[in-house]
Structures are given as structure tokens and as C-alpha cells.
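Positions are given from 1 along the sequence. Order of listing sets the numbers, starting from 1, for every ligand and every atom in it. Values below: all heavy atoms of this structure, side chains included; hydrogens, waters and symmetry mates excluded.
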Amino acid sequence: MHDVIVVGAGPAGSQAAASLAQRGYAVLVLEEHPQIGVPTTCSGLIGAEAFDRFDLPRASVIRGFDSATFFSPKGSSATVGAGRVMAYVVRRCEFDQTMGQRACAFGADYRLRVRCVGLEYGSDHVKVAVVQRGPEGDETPMTLRARAVVLATGARYGLFPSLGVERPSTFLQAAQAEVGMEGVDRVEVYLGREVAPGSFAWAIPAGPLVRVGVCNGAGAIHFLRRFLEHPSIAFRIRQPAGQIKRKAIPISNVSRSFLDRILLVGDAAGQVKVTTGGGISYGILCGDVAATTLDRAFCLGDLSERSLGEYERRWRQEIGVELRVGSFFRRVGGMLSDEQIDRLIRAYHDTDLPELVKRWADFERHRKFILALCRSNVFFQLVWSCFRRRSHS
Ligand SMILES: Cc1cc2nc3c(=O)[nH]c(=O)nc-3n(C[C@H](O)[C@H](O)[C@H](O)COP(=O)(O)OP(=O)(O)OC[C@H]3O[C@@H](n4cnc5c(N)ncnc54)[C@H](O)[C@@H]3O)c2cc1C
């Protein structure tokens, strides 16, 4: 019998495991793949604050960024920076592995090639049905037991129906490839209907290669192929794109992230920045909150749904407003026409926006900046003209 079984060795699962193991609990992490962090489909940008707050391992950091350049659909650009390092780009596979090593150093046990296929309640524990995959592909079913379970399976919801939990309702599709490119010195963000309707595309320098991707409502691979031929991208490509990888990103959260003895964390719970689809930092934060809640529940000897409801209250206290404001901003941003985006980017340096960025920009928490932006003249005029355009058409 383990105290806690964590299903999934992504950042959210490994943070929960590290935090629980550090408190002395017997923790087992199950990962279905033979290696932690493989395969990954991610740009690996993580807000600087998370490294300090959670003392995250830094070995996988490639470099930091203090600015990003935004490109309008008509080719205008504005470099936006707050004068401080806002985010780091990591080798994502190595990041996940070092998160796992840190949890192991605190005493957590990891079992690879073990897929959780079902959860069932016992009298005072959860039965975790797993399939262990051998090196020859042979599969051995077995049942493990734990007093509590943390589900950190990422955007994979196969275990949800049997638990009576509904998966998040809204997803983005993201597609990304690594490309040899010249002249990409900072994060580049591309906006506009042709590139990524209602969303954005990116080029992120990450060591010798550049991560080029698109996130979108649907058809991300189609949009990425087109983006790779974009005039601002194509002429700088020196080495063609490697394999295009695609993955879903939840941008709404589950209605309930706790059950008797079971907590959902990370992408599994939809704990993702609605504005950008970034989920590493929120997953780590919520993994940590899950560990603190379980610690308290173990001390009280009460792992019931009522006791674990504290988890949801606490993570919503941390990021609930961020998610709501982000959702509002995504809707408003999606209403802007290509002309309005172009006007905004062209006018950027003549407005009070650079000052707002310096004062309020935060890579992971966008609420304060969005609220300041909403109060600014330039934004008010934009939204007003959106409504006028809509009511005329
Ligand atoms: C193209 C793209 C770019 C992105 N870029 C960024 C970015 O720059 N910054 C950012 O913050 N976020 C980014 N994201 C989102 C980010 O990758 C996720 O939010 C993050 O990985 C979520 O972490 P997690 O621990 O919840 O889940 P995951 O990292 O998905 O980990 C879940 C783990 O659980 C394992 N697993 C699943 N089911 C089972 C099972 N039944 N049994 C055993 N193991 C199981 C999986 O194999 C996996 O290892 C990006 C996503 C995409 C698609």
C-alpha cells in the first residue's frame, strides 16, 4: 500500500510527487512511456517566477527572454518588453526528467512503462489497475493500492468516464516543428486570420533550432504548413522543418477536480493559461497545492471528497480569476479584425501600452495587464469599433 500514487510523470505529477515525498509520504509515480519526457510536444517556455517560487531545476534552461516581437497580419511589428527576464525556454524532455530526479531525490519511486487503465475504490484505499509493458512489448496486468491518487495524465481523459468526471469542454489544437532558421533572436508572435484565426503562431529560438508552431481552434497542422511558407518565416529557413507534432490543449477547466481520495492536476484538470495555452507553470502550482491539501487530509485522517474540496478552493484562489479574465480576453481578442490588429501594432510605441507592459506584464499571470489594458484609451477605442463593425454588419 502506497500513501499516494501519482499517475503521469509530467511537470504537474512530478511536482506533486516531490512535494509529498519531501513531507515523508510513500509516493509512487506511474508513467506509461519508457522514458520521462518522451515524447513531448511543447515550446518549453516557463515564467521566470515559477523557477524561484518552486525552486525548479534549471539544468534544462536554454536561455531567458525579456521581450517578444509581435507581427501584424500586414507585416508591421512591435517589440514588447518589460526590461526584465520574463520567461525561460527549456529543453522540455530534460526539464521533465530533472523534475523526476528531484522527486526521486526526495524519496519518490518512479515506475516507467506502466499505464494506469482503471481506478476503483476499496474500503480505505483506491485500487489502481495498471498494465506493465515489458521490453518485448509483452503486457502484464496488475493492481496496485494507494490511500490517495493524483491524476496528472495531461490532456488524456480515458480514465474520466468511469470516475463520473467530465473532461474540459474547450480545447485548442497546437502543432509545432523544429526548424533551422536564421535571424530569430527573441520570441516572435504572429497574429491574424491567415496565420491563426482567433489565436497566434510563434517562432521561439531554442538553441540551434527554432520552435515554430501554431495554436488554433482546429486544423493546426494545415495552418502550421502554411505558416512555414509565410514571407517572414520562409526566407529565414536554412534547414527544413523536422516532424510536425500536434497535441490538444484544454483551455477550460473541469467542473470538479476532487473526488474521494482522488485529485486531478495539470492539463488533466484544465489548469492552463487561457490566453496562450501554456500549462507548465499552473500545473506545477496546482501539483503543489494538491500535495499540501493531501498532507492536511492525511493529518486529519479524512481523505473524503468533502475534505479534499479544499484543493479546488485553494487552486481557484490562486488562478481562478486569471482563468476567467483570460477567457474574457481570448473572446475579445478573437473579435479583432486584421486591420485592427495591424493598427494596434503599428501604433504601439505611440500609445501608453509600453508603459503598461513595463508596469503590469507577467508571463504567467495576465490579469493585471489585461485589466490595465481594458482601461486604456487605445483598447477602449478598438473594442468600441469592433462592436460598431458588428452591429453594422
Ligand atoms: C505545441 C505545444 C506547445 C506548448 N508550449 C508550452 C509552453 O511554451 N509553455 C507552457 O507552459 N505550456 C506549453 N504547452 C502546454 C504544456 O505542454 C502542458 O500544459 C503541460 O505539459 C501539462 O503538464 P502535465 O504534467 O499536466 O501533463 P503532461 O506534460 O502531458 O504529462 C502527462 C504525463 O502522463 C502520462 N500519462 C498519461 N496517461 C497515463 C496513464 N493512463 N498511465 C500512466 N501515465 C500516463 C503521459 O505519458 C505524460 O508523461 C504547449 C503545448 C503544446 C501542444
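Residues satisfying the side chain to side chain donor-acceptor pair (under 3.5 Å) criterion with E31, sequence neighbours excluded, are H33. W360 is linked by a ring pair (Phe, Tyr, Trp, His ring centres under 6.0 Å) to nothing, counting only residues two or more places apart in sequence or in another chain. With sequence neighbours excluded, the residues that form a salt bridge (Lys or Arg N to Asp or Glu O under 4.0 Å) with D52 are R58.
Aromatic ring pairs are classed by plane angle as parallel below 30°, tilted from 30° to 60° and perpendicular above 60°; the pair Y190 and F227 is perpendicular.
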Using a cut-off of under 3.5 Å, which N/O atoms of ligand 1 pair up with protein N/O atoms, and what distance separates each pair?
{"unit_1": "ligand 1", "atom_1": "5 (N)", "unit_2": "S43", "atom_2": "N", "d": "3.0"}
{"unit_1": "ligand 1", "atom_1": "8 (O)", "unit_2": "G44", "atom_2": "N", "d": "3.3"}
{"unit_1": "ligand 1", "atom_1": "8 (O)", "unit_2": "L45", "atom_2": "N", "d": "2.9"}
{"unit_1": "ligand 1", "atom_1": "9 (N)", "unit_2": "L45", "atom_2": "O", "d": "2.8"}
{"unit_1": "ligand 1", "atom_1": "11 (O)", "unit_2": "G279", "atom_2": "N", "d": "3.1"}
{"unit_1": "ligand 1", "atom_1": "11 (O)", "unit_2": "I280", "atom_2": "N", "d": "2.9"}
{"unit_1": "ligand 1", "atom_1": "12 (N)", "unit_2": "G279", "atom_2": "N", "d": "3.0"}
{"unit_1": "ligand 1", "atom_1": "17 (O)", "unit_2": "R92", "atom_2": "NH1", "d": "3.2"}
{"unit_1": "ligand 1", "atom_1": "19 (O)", "unit_2": "D267", "atom_2": "OD1", "d": "2.8"}
{"unit_1": "ligand 1", "atom_1": "19 (O)", "unit_2": "D267", "atom_2": "OD2", "d": "3.3"}
{"unit_1": "ligand 1", "atom_1": "19 (O)", "unit_2": "G279", "atom_2": "N", "d": "3.3"}
{"unit_1": "ligand 1", "atom_1": "21 (O)", "unit_2": "R92", "atom_2": "NH1", "d": "3.0"}
{"unit_1": "ligand 1", "atom_1": "21 (O)", "unit_2": "R92", "atom_2": "NH2", "d": "3.0"}
{"unit_1": "ligand 1", "atom_1": "25 (O)", "unit_2": "P11", "atom_2": "N", "d": "3.3"}
{"unit_1": "ligand 1", "atom_1": "25 (O)", "unit_2": "A12", "atom_2": "N", "d": "3.0"}
{"unit_1": "ligand 1", "atom_1": "26 (O)", "unit_2": "D267", "atom_2": "N", "d": "2.9"}
{"unit_1": "ligand 1", "atom_1": "29 (O)", "unit_2": "R92", "atom_2": "NH2", "d": "3.0"}
{"unit_1": "ligand 1", "atom_1": "41 (N)", "unit_2": "C116", "atom_2": "O", "d": "3.1"}
{"unit_1": "ligand 1", "atom_1": "42 (N)", "unit_2": "C116", "atom_2": "N", "d": "3.0"}
{"unit_1": "ligand 1", "atom_1": "44 (N)", "unit_2": "E32", "atom_2": "N", "d": "3.2"}
{"unit_1": "ligand 1", "atom_1": "47 (O)", "unit_2": "E31", "atom_2": "OE2", "d": "2.7"}
{"unit_1": "ligand 1", "atom_1": "47 (O)", "unit_2": "H33", "atom_2": "ND1", "d": "3.0"}
{"unit_1": "ligand 1", "atom_1": "49 (O)", "unit_2": "E31", "atom_2": "OE1", "d": "2.6"}
{"unit_1": "ligand 1", "atom_1": "49 (O)", "unit_2": "E31", "atom_2": "OE2", "d": "3.2"}

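Of the N and O atoms on the side chains of T79 and T69, at least one donor lies less than 3.5 Å from an acceptor on the other residue.
In plain terms, the two heavy atoms of F223 and V195 that are nearest each other are CD2-O, 3.2 Å.
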